[in-house]
Amino acid sequence: MRYSKLFSPTLRDTPADAEVVSHQLLLRAGFIRRVTSGVYDYLPLGLRVLRNIENIVREEMNRAGAQELLMPMVQPSEFWQKSGRWDKYGPELLRFKDRHGHESCLGPTHEEVICDLVSRELKSYKQLPMNLYQIQNKFRDEIRPRFGLMRGREFVMKDAYSFHANAECLAKEYQNMFDTYHRIFNRLGLKFRAVEADNGSIGGSASHEFHVLAESGEDLITHCSACDYAANVEKALSTPPSYQGIDAELGEVETPKKTAVEDVVSFLNVEPFTLLKTMIYVAVGGENEGQVVAACVRGTDNVQEIKLARAMGVDEVELASKEQLEAVGTVTGYAGPMSLHCPIYMDISLSDEVGLVAGANKYNFHITGLNISRDLSNITYVDLRETQVGDTCGKCGKGTMETSRGIEVGHIFELGTVYAKPMEVLFQNEQGKRDVATMGCYGIGVSRLMAAVVEQCNDDYGIMWPVNLAPFRISVITLGKSETAFAASEKIYNELLKQGVDVVWDDRKESPGVKFKDAELTGIPLRIVVGDRGLNNNALEIKTRWGDKAEASSDEVVNKALSMLAELQQENV
RNA sequence: CGGGGCGUAGCGCAGCCUGGUAGCGCAUCUGGUUUGGGACCAGAGGGUCGGGUGUUCGAAUCACCCCGCCCCGACCA
């Protein structure tokens, strides 16, 4: 490709509305442009990178025995009615009617469609197992799209669905995918971590997320310093430092305008862990919609809402309104577990704790000396608190928990029969009986990966694509306007083309600085500089995006560049 | 959905407070000089000042409404 013909609009200034580095650089380097909220154009360079990522994913999926197919973005409402998600899915599902008034939606995921397809064609256990995948655009009407490609509404996803005759077979494929994902993210040159995850609304049992480690990540993940336990904080198991309260008589104290934990604690001069934080939640979605409950943790802890929702058996919870608070007999800022008219979930770390301070359920008063087993009844102990740095590992019981930020780029699930059953994915088993297929599903955020890679691979000058992802591997930069430099460049360019290398020739009538800056900004791994100076000395500069330099004569430069490229590939930078 | 901020040329911004009919840098186009790190000179094009309504002799500027974008929050009990 000649740069003079390339549609690659780069920006000198960082667009003001881009916050994270991947968004800024992808915009500046001319890889993407915003169309509307959470929806982007992929310009030629951006598409090249996207395709490179896709192909690595594709190769590894194929190698793992999965088969690629392609399903539609538009899906009929009937499928979703059948699975039960038409009512469950919420506003993220973009629904619309066609000219005949037929209700449809844009696919945020494809369990329904794949189940429909497979249910029609699956007859016998002999056809199983099978793993089908696609790389396709998804649409989710996110509340808050942000950070460019990181959280878009329309995005590219690889989604795979496996079908099995039994759970053992599924477990095997799950492991296969687990290993495949490790290979994929390693080939992409990423620092990442697989963590145990909550299944979310998708349902099923086992589940792991794959996170690219980055400060800008939206997720908080945690791992043990001693063993291999790692999990999303949404479900992480850990033990907090143990505290022992001092038993006392139940009392009531006036705490005017003291609602925040810190205020109450300093006003009463007690330790923060003796405070019982009581939050009133209401269930959203599902059968128990509207149910109000109280969730109690220590003042030093936070309620992990996902854990609460799981304990309640609902999809989601949100904080109760003022009216809902009053309905269960409490008030804003002074909620406590005494004589509340709703179920109480208490974190297990509080079992039989004594000497606690809690809200008195009336304005400006707290109670002291609360003894849970003495003063409360009908409480349910569950794991509610969010794991904190320094907790003891819930798995090995030895190591301490550390946390880091992550960008979720992959998620695998053992679904079991949650979709196969309602969607009637049935087959005849070895005994000749009808059986429900057991499913797994495996996703990778392909376009998000593009952003995640940039988050990890950049410097002050721009993007530093790993060789295997770069839009072009080599940039031949012509300096000056001499005929000889131009002709020599063209020769090198053609030779590289002949060698099958993705090469761009910067033949523009621009100053050297502009060309160097653009090559750096767009992250081309290797550049060959062809100018009169180098030609006269018969020593052309070859430089990697990481700063390594070499020189070679005009005749040798192609071979030298190819060997340097091979080296970079070897190192998988 | 709540809170905050922003919307003026492709990008980055000034002008707004204190109304008088729009400006700077970069980018773009033309001509010329330049070519190993975002060149220089001369000239040029490009704006319904997000949209609407109102106040006013007069609105980018003031008021109200709407739209869009960005950030924060979904932790407060």
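Each chain gets a letter, A, B and so on, in the order the sequences are listed, and its residues count up from 1.
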> When we call it a touch if two heavy atoms are under 4.0 Å apart, what does A:S482 touch: a base, just sugar-phosphate, or nothing?
Replying inline: nothing
> Would you say the side-chain atoms of A:R405 pair up with the backbone N or O of A:G217, donor to acceptor, closer than 3.5 Å?
Replying inline: yes
>> Output the rounded distance in Å from CG (A:D17) to C1' (B:G12).
In response: 11 Å
> Whole-Å distance between B:C71 P and A:M150 CE?
Replying inline: 11 Å
> Rounded to whole angstroms, how far apart are CG on A:L521 and C1' on B:G38?
Replying inline: 11 Å
>> Using the side chain to side chain contact (heavy atoms under 4.5 Å, CB included) definition, which of the options A:D375, A:I372, A:I367 pairs with A:L356?
In response: A:I372
>> Only pairs with both distances under 3.5 Å count, Watson-Crick or wobble alike; so what is the partner of B:U56 in this structure?
In response: none
> Taking atom types as modelled, is there a side-chain donor on A:D506 or A:S475 under 3.5 Å from an acceptor on the other?
Replying inline: no
> Between B:G20 and B:C29, how far is it from one P atom to the other, in whole Å?
Replying inline: 35 Å
>> In whole Å, I'd like the distance from the CD1 atom of A:I344 to the P atom of B:A77.
In response: 18 Å
> When only distance counts, do a donor and an acceptor, one from the side chain of A:R28 and one from the base of B:G10, lie under 3.5 Å apart?
Replying inline: no
> Parallel, tilted or perpendicular: which fits the ring planes of A:H23 and A:Y40, with parallel below 30° and perpendicular above 60°?
Replying inline: perpendicular
>> So A:K258, base contact, sugar-phosphate only, or nothing? Heavy-atom distance under 4.0 Å.
In response: nothing
> Looking only at atom C1', what distance separates B:G3 and B:A59, rounded to whole Å?
Replying inline: 30 Å
> Which atoms form the tightest heavy-atom contact between A:C296 and A:L350, and what is the distance?
Replying inline: O-CD1, 3.7 Å
>> Which residues in residues 137-149 of chain A have a heavy atom closer than 4.0 Å to any atom of RNA chain B?
In response: A:I143, A:R144, A:R146, A:F147
> Paired with B:C49 by Watson-Crick or G-U wobble geometry, both distances under 3.5 Å: which nucleotide is it?
Replying inline: none
> A:E234 CD to B:A74 C1': how many Å, rounded?
Replying inline: 13 Å
> What integer number of Å spans the C1' atoms of B:A63 and B:U55?
Replying inline: 7 Å
>> Ignoring hydrogens and geometry beyond distance, is a side-chain donor-acceptor pair present between A:N302 and A:E386 at under 3.5 Å?
In response: no
>> What contact category does A:S37 fall into here, base, sugar-phosphate, or nothing, at under 4.0 angstrom with non-hydrogen atoms?
In response: sugar-phosphate
>> In this structure, how many angstroms lie between the C1' atom of B:A74 and the CG atom of A:L220, rounded?
In response: 15 Å
>> Using a 4.0 Å heavy-atom cut-off to protein, can you give one letter per nucleotide of nucleotides 27-36 of chain B, 5' to 3': B if the base is in contact, S if only the sugar-phosphate is, - if neither?
In response: S-------BB
> For A:D13 and B:A14, what is the distance between atoms CG and P respectively, to the nearest whole Å?
Replying inline: 13 Å
> Which residue, A:G38 or A:A320, contacts RNA chain B at a nucleotide closer to its 5' end, judged by nearest heavy atom?
Replying inline: A:G38
>> Going by salt bridge (charged side-chain N to carboxylate O under 4.0 Å, His left out), name the pairs with one or both residues in residues 30-44 of chain A, residues two or more places apart or in two chains.
In response: none
> Say you pick atom C1' in B:U56 and the same atom in B:G73; how far apart are they, in whole Å?
Replying inline: 42 Å
>> Can you check the distance between B:C69 and B:G15, where both ends of the measurement are the P atom (answer in whole Å)?
In response: 26 Å
> Does B:G73 have a Watson-Crick or wobble mate here (both distances under 3.5 Å), and if so which one?
Replying inline: B:C1
> For A:K307 and A:V233, which heavy atoms make the closest approach, and how far apart are they?
Replying inline: CE-O, 4.1 Å
> Mind checking the C1' distance from B:G10 to B:G36? Whole angstroms is fine.
Replying inline: 30 Å
> Taking any strand in view, what nucleotide pairs with B:G68 in a Watson-Crick or G-U wobble way, both distances under 3.5 Å?
Replying inline: B:C6
>> According to salt bridge (charged side-chain N to carboxylate O under 4.0 Å, His left out), does anything in residues 527-536 of chain A pair up with another residue at least two apart or in another chain? List the pairs.
In response: A:E520-A:R527, A:R527-A:E541
> Under 3.5 Å, side chain of A:W465 to main-chain N/O of A:T522, donor-acceptor pair present?
Replying inline: yes
>> Any base atoms under 4.0 Å from A:G333, or only sugar-phosphate, or nothing? Heavy atoms, all strands.
In response: sugar-phosphate
> Are the ring centres of A:W505 and A:F472 closer than 6.0 Å?
Replying inline: no
> Is a salt bridge present between A:E455 and A:R448, judged by a nitrogen-to-oxygen distance below 4.0 Å?
Replying inline: no
> Under the salt bridge (charged side-chain N to carboxylate O under 4.0 Å, His left out) rule, what pairs show up with a residue in residues 334-359 of chain A, not counting sequence neighbours?
Replying inline: A:R298-A:E353
> Which whole number of Å gives the distance between the C1' atom of B:U48 and that of B:A22?
Replying inline: 14 Å
> What is the base-pairing partner of B:C16, counting Watson-Crick and G-U wobble geometry with both distances under 3.5 Å?
Replying inline: none
> RNA chain B: A:P15 or A:T332, which has the more 5' nearest nucleotide?
Replying inline: A:P15
>> Please give me the minimum heavy-atom distance between A:L27 and A:A18, naming the atom from each residue.
In response: CD2-CB, 4.0 Å
> If we call it a pair only when both distances are under 3.5 Å in a Watson-Crick or G-U wobble match, what pairs with B:A42?
Replying inline: B:U30
> Using a cut-off of 4.0 Å on non-hydrogen atoms, how would the nucleic acid contact of A:L325 be classed: base, sugar-phosphate, or nothing?
Replying inline: base
> Whole Å only: how far is the CD atom of A:E19 from the P atom of B:C71?
Replying inline: 6 Å
>> Any residue in residues 294-308 of chain A with a heavy atom nearer than 4.0 angstrom to RNA chain B? Just list them by number, or reply none.
In response: A:N302, A:E305
> When the P atoms of B:G7 and B:C16 are considered, how many whole Å apart are they?
Replying inline: 13 Å
